[in-house]
Amino acid sequence: MHRRIIVPSALAASLLLAIPASAADFTPGAPGIGDSYYPTSGNGGYDVSHYDLRLKYQPATDLLEGTATIVATTKQNLSRFNLDLGLKVSEVRVNGRLAKFTASGDHELEVTPATPLEKNKAISVVVRYAGKPSEVKVGGWTAWARTPDGGVAAQEPDSAVWWFPSNDHPLDKATFDVSVSVPDGHQAISNGVLQSQSSRLGWTRFNWRSNKPQATYLATLAVGKFDITTDRTANGLPVLNAYSKDLGDNAGAARASIERTTEVAEWLESVFGPYPFNSLGGYVPNVTSGFALETQTRPFYSPRQFANGANVSVVVHELAHQWYGDSVSVQDWKDIWVNEGFARYSQWLWSEKEGEGTAQELADYVYATRTAEDPFWTVKPGDPGAENQFHVAVYDRGALALQALRNEIGDEDFFAILKGWPQEFAYGNARVADFVRYAERVSGKPLAGLFDTWLYQPSKPSASTAATAGPSAPAARSAAPETAQPKPVQPKSWKKIAETNTIHETGEHGHAH
């Protein structure tokens with residue numbers, strides 16, 4: 001039986017103010033951040049501002065030992081919270097005090113602090129852990145690649161759980177300090193600027209700093225034996241490129257491509273505005289994969305990207321992501337077009353600059369070579385579904401949408417949008433709908449219909465639509481049967497651009513850039 005007590009409202013309010021929060025007011029943080037494609041990715045209840053990772057890695061055994069210090073702010077009254085990690089944990093401390101913890105699922109670490117955590121408070125979490133990343137399976141696969149001389153963490157949409165505890169979703173970005181100890185003769189490559197390195201008792205420690213907000217999947221670690229080149233840009237940014245010593249016949253082409261990083265970045269600044277981070281570079285470990293990934297400040301490239309000689313186009317793609325995908329990241333993984341459509345279009349613009357085919361000619365070629373029956377047109381770049389998140393249509397049809405926009409609003413507004421968008425949402429997150437609204441605001445034109453046609457309709461846009469709001473097609477043949485239209489000449493740049501399509505081929509579960 002419950003007895004109801006009635007008191008005057010003013011007295012009730014004062015009583016509420018006087019009573020401290022009870023345990024009932026504290027609830028667990030959600031085990032997922034709410035992504036529509038990956039419901040278990042990330043966590044609720046807190047926001048991370050900084051990761052400090054102190055690691056030791058033994059290449060011979062694949063043993064990784066780590067102490068992660070996470071600086072965060074609570075977003076609710078927390079009785080407990082989750083981190084994402086696949087390795088075995090030995091100790092957790094919250095605000096200096098030992099905390100209880102348990103592993104659940106294949107990557108959830110449930111942490112119960114000694115005392116509940118109040119909302120909007122700064123907290124520190126220290127996690128001690130160890131394990132062999134290549135043996136950790138999430139959904140049956142691993143994002144950690146072993147190499148003959150070490151190991152590499154680089155994958156999309158997930159790679160963090162294999163080497164550090166985190167809130168593993170692009171919505172929760174943070175700065176990073178990554179300190180890695182490896183046997184003498186090996187190097188540890190990560191994001192940002194190499195602050196220092198030192199050797200002691202047969203081990204060398206490398207200290208890296210990434211000082212701008214960074215999504216967890218964009219954090220990378222590579223341990224191995226590398227040839228390293230360093231330089232500075234005209235603006236003084238440090239440039240560091242690293243090449244595995246055993247790349248074989250691909251070594252020369254890899255260097256011939258990646259050593260043009262500074263040149264490509266300077267050109268991209270003319271298109272997208274100031275480079276958003278504190279360093280430049282790239283690295284090529286001796287992995288068997290075929291993909292590349294826009295790991296922040298220092299993209300990852302598989303040697304196979306250079307099997308047919310130098311390919312600067314893939315460097316353009318990955319560096320374009322530093323603006324589109326890294327500085328401005330997805331709000332939800334369904335918004336992948338705001339990353340990939342623009343990175344692909346940057347390759348078209350590079351082709352245009354190099355005189356190897358204009359963006360319009362490339363758009364015409366894509367449009368003409370994909371028949372209306374091609375499943376390519378059933379993929380919706382604006383919301384492709386998790387199974388098609390890295391489908392070639394997200395890239396090529398995604399770029400067609402941008403050419404359609406360019407034709408609709410003209411070059412002046414189009415390039416103002418390309419440069420303004422990364423400033424508008426710098427170091428944040430955005431949705432496809434945010435871009436549509438931004439483009440409408442800058443151009444002063446209603447564009448929802450255009451974007452619906454090119455990003456959301458599961459069919460090939462008509463030739464008449466293409467003639468007015470997309471790839472050019474003479475009006476005289478707009479109504480002609482598709483089979484009667486002449487096939488455009490293949491632009492000179494097409495093969496090199498198409499070679500970068502292997503960036504999608506990372507196996508059944510893993511996807512990269």
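Treat the numbers as computed from the prediction; the structure is a model and nothing was measured.
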Assess Lys460 against Tyr367: is NZ or CZ under 6.0 Å from the centre of the six-membered ring, and within 45 degrees of the ring's axis? yes
Within residues 229-238 or reaching into it, pairs that qualify as salt bridge (charged side-chain N to carboxylate O under 4.0 Å, His left out) - sequence neighbours excluded: none
Heavy-atom check, side chain of Ile70 versus side chain of Pro165, under 4.5 Å: yes
Determine whether the aromatic ring centres of residues Tyr283 and Tyr301 are separated by less than 6.0 angstrom. no
Check: Ser302 side chain, Ala292 main-chain N or O, donor-acceptor pair, under 3.5 Å: no
For the backbone of Leu240 and the side chain of Arg298, can you confirm whether one donor and one acceptor N or O come within less than 3.5 Å of each other? yes
What's the spacing between Thr295 OG1 and Gln155 CD if we round to 0.5 Å? 11.5 Å
Gap separating the CG atom of Leu293 from the OG atom of Ser159, nearest 0.5 angstrom: 7.5 Å
Should we count CZ of Arg209 as having more than 12 external heavy atoms under 6.0 Å? no
Could you give the distance from OH (Tyr427) to CG (Asp326), rounded to the nearest 0.5 Å? 11.5 Å
Tell me whether Glu424 is salt-bridged to Arg437, with the criterion being a basic N under 4.0 Å from an acidic carboxylate O. no
Verify the ring-centre separation between Trp323 and Phe272: is it less than 6.0 angstrom? yes
Is it true that Gln360 and Asn407 share a donor-acceptor pair across their side chains at a distance under 3.5 Å? yes
With rounding to the nearest 0.5 Å, note down the distance linking OH in Tyr243 to CD1 in Ile258. 5.0 Å
His50 side chain to Thr175 backbone, donor-acceptor under 3.5 Å: yes
I'd like to know if Glu499 pairs up with Lys496 as an ion pair, taking the criterion as any Lys NZ or Arg NE/NH1/NH2 lying under 4.0 Å from an Asp or Glu carboxylate oxygen. yes
What are the two closest non-hydrogen atoms of Asn278 and Thr297, and how far apart are they? OD1-CG2, 4.0 Å
Verify whether the ring centers belonging to Tyr345 and Tyr324 lie closer than 6.0 Å. no
His317 vs Tyr395 aromatic rings, parallel, tilted or perpendicular, using cut-offs 30° and 60°? parallel
Neighbour count >12 (heavy atoms, 6.0 Å) for atom CG, Asp249: no
Restricting to non-hydrogen atoms, name the atom on Glu294 and the atom on Glu340 that form the minimum distance, rounded to 0.1 Å. OE2-OE2, 4.4 Å
Around atom NZ of Lys353, are there more than 12 heavy atoms of other residues, nucleotides or ligands at under 6.0 Å? yes
Taking the six-membered ring for Trp, are Phe176 and Phe164 ring centroids under 6.0 Å apart? yes
Which pair of non-hydrogen atoms, one from Ala401 and one from Leu450, has the smallest distance, and what is that distance? O-CD2, 4.2 Å
With side chain to side chain contact (heavy atoms under 4.5 Å, CB included) as the criterion, how do Tyr275 and Thr233 come out once you've worked through the C-alpha distance, each side chain's angles and the decisive distance to 0.1 Å? CA-CA 11 Å; Tyr275 180 74; Thr233 67; over 6 Å; no
Short N-O contact, Arg255 and Asp227, less than 4.0 angstrom: yes
d(Ile497 CD1, Leu362 CG) to nearest 0.5 Å is 4.5 Å
Strictly under 6.0 Å, is that where the ring centroids of Phe435 and Trp337 end up? yes
Arg344 and Asp396 ion-paired at < 4.0 Å: yes
Trp350 and Trp267: aromatic ring centres closer than 6.0 Å? yes
Minimum heavy-atom separation for Lys245 to Phe226, with atom names? CE-O, 3.7 Å
Looking at residues at least two apart in the chain, or sitting in another chain, which of them share a side-chain contact (heavy atoms from CB on, under 4.5 Å) with Arg431? Gln331, Asp332, Lys334, Asp335, Asp434
Within 6.0 Å of NZ in Lys137, more than 12 heavy atoms from elsewhere: yes
Hits for side-chain contact (heavy atoms from CB on, under 4.5 Å) against Ser329, two or more places apart or cross-chain, chain-then-number order -> Pro170, Lys173, Asn429
One should read off an interatomic distance between Ser210 OG and Phe277 CZ, to the nearest 0.5 angstrom, of 7.5 Å
For the student: nearest non-hydrogen atoms of Ala404 and Trp454, plus distance: CB-NE1, 3.6 Å
Heavy-atom closest contact (Thr230 atom, Ile228 atom, distance): CG2-CG2, 4.0 Å
